[in-house]
Amino acid sequence: MDDQTQIELEAAAFRRLRKHLMEERTDVQNIDLMNLAGFCRNCLSRWYQEAANDRGIEMDKMQAREIYYGMTMEEWKSNFQTDANAEQQAAFKTSFAENVDKKG
């Protein structure tokens, strides 16, 4: 496989992941993603921002989130975000502590 084809396939996979998380599974909260996978929509938008910045494109966190989410964070939160319950918060604390321990 040539490099350009690989880039195109990776981009297509990223777009599919974004569509899945932004359109098909809006019921899944970021904290649930963090607890299960160690990343969430905000991480994906940050990675997008970092990729842009690495290429000399100025983009801040909120710009990247608006591009990734397809709306402002205020709109996303209003439409889809719920408050984390005690169980989710406890799982996050445990997961976060484990991840910090693994990183040293």
Side-chain angles (χ1 to χ4, degrees):
M1 177 183 319
D2 64 82
D3 289 345
Q4 184 60 36
T5 300
Q6 181 175 349
I7 289 167
E8 291 170 7
L9 294 174
E10 290 168 351
F14 175 81
R15 287 189 299 268
R16 182 65 187 95
L17 174 61
R18 183 193 170 281
K19 180 179 174 57
H20 181 74
L21 292 174
M22 302 311 297
E23 297 177 18
E24 298 166 15
R25 292 306 310 264
T26 57
D27 60 311
V28 177
Q29 297 298 304
N30 278 340
I31 195 166
D32 295 322
L33 291 169
M34 287 297 295
N35 289 342
L36 293 172
F39 76 95
C40 68
R41 294 171 184 90
N42 292 338
C43 297
L44 290 164
S45 71
R46 186 182 74 246
W47 298 338
Y48 186 94
Q49 174 196 3
E50 290 169 356
N53 294 162
D54 287 348
R55 287 160 183 75
I57 301 167
E58 289 189 36
M59 181 181 299
D60 67 27
K61 176 173 69 174
M62 296 314 289
Q63 289 171 316
R65 285 184 179 179
E66 191 165 340
I67 290 168
Y68 185 80
Y69 281 83
M71 63 186 74
T72 66
M73 283 304 300
E74 293 77 23
E75 290 172 301
W76 174 265
K77 288 177 181 181
S78 173
N79 291 329
F80 303 110
Q81 188 167 312
T82 61
D83 290 335
N85 62 38
E87 183 179 311
Q88 290 167 314
Q89 291 175 8
F92 181 79
K93 286 179 185 174
T94 300
S95 175
F96 183 74
E98 288 173 3
N99 288 330
V100 169
D101 288 344
K102 288 177 186 176
K103 292 179 183 177

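Computed from a predicted model, the values in this text were never measured in an experiment.
Between atom NZ of residue Lys19 and atom CG of residue Leu21 there is a gap of 12.0 Å, rounded to the nearest 0.5 Å. Going from atom CG of Asn42 over to atom OH of Tyr69 covers 3.5 Å, rounded to the nearest 0.5 Å. Put simply, CD on Glu10 and OG1 on Thr5 are 11.0 Å apart, with the number rounded to the nearest 0.5 Å. Atom CZ of Phe80 sits about 12.0 Å away from atom CG of Asn30, to the nearest 0.5 Å. Annotation: the span from Asn79 atom CG to Glu74 atom CD amounts to 11.5 Å, rounded to 0.5 Å. For the atom pair Gln6 CD and Gln4 CD, the distance stands at 10.5 Å (nearest 0.5 Å).
Counting heavy-atom neighbours within 6.0 Å of Arg55 CZ, excluding the residue itself, gives a total of 12 or less. Within 6.0 Å of the CG atom in Asp54, the count of heavy atoms belonging to other residues, nucleotides or ligands exceeds 12. For Glu87, the CD atom counts as loosely surrounded, since its 6.0 Å shell holds 12 or fewer non-hydrogen atoms of other residues, nucleotides or ligands.
Listed for the Asn53 side chain is a donor-acceptor partner under 3.5 Å among the backbone atoms of Ile57.
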Test Asp27 against Arg25 for side chain to side chain contact (heavy atoms under 4.5 Å, CB included), laying out the working first. CA-CA 5 Å; Asp27 60 311; Arg25 292 306 310 264; 2.8 Å; yes

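Under the 4.5 Å side-chain criterion, counting only non-hydrogen atoms from C-beta, Arg46 is not in contact with Tyr68. You'll find the side chain of Leu44 stays beyond 4.5 Å of the side chain of Arg18, heavy atoms only.
Hydrophobic clustering (ILVMFWY, side-chain heavy atoms < 4.5 Å, transitive): Met73 and Val28 are in one cluster. Transitive grouping of hydrophobic side chains (ILVMFWY, heavy atoms separated by less than 4.5 Å) brings Trp76 and Trp47 into a common cluster. In the hydrophobic cluster analysis, where Ile, Leu, Val, Met, Phe, Trp and Tyr join through side-chain heavy atoms closer than 4.5 angstrom, Leu36 is grouped apart from Leu33.
Residue Ile31 comes nearest to Ala84 through the heavy atom pair CD1-CB, 3.8 Å, listed as atom of the first residue, atom of the second, then distance. Here the closest non-hydrogen pair linking Gln29 and Arg41 is C-NH1, 4.0 Å.
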Would you list the atom pairs, donor with acceptor, under 3.5 Å between side chains in residues 59-66 and any protein atom, with sequence neighbours excluded?
{"from": "Asp60", "atom 1": "OD1", "to": "Met62", "atom 2": "N", "distance (Å)": "3.1"}
{"from": "Asp60", "atom 1": "OD1", "to": "Gln63", "atom 2": "N", "distance (Å)": "2.7"}
{"from": "Gln63", "atom 1": "OE1", "to": "Asp60", "atom 2": "N", "distance (Å)": "2.8"}

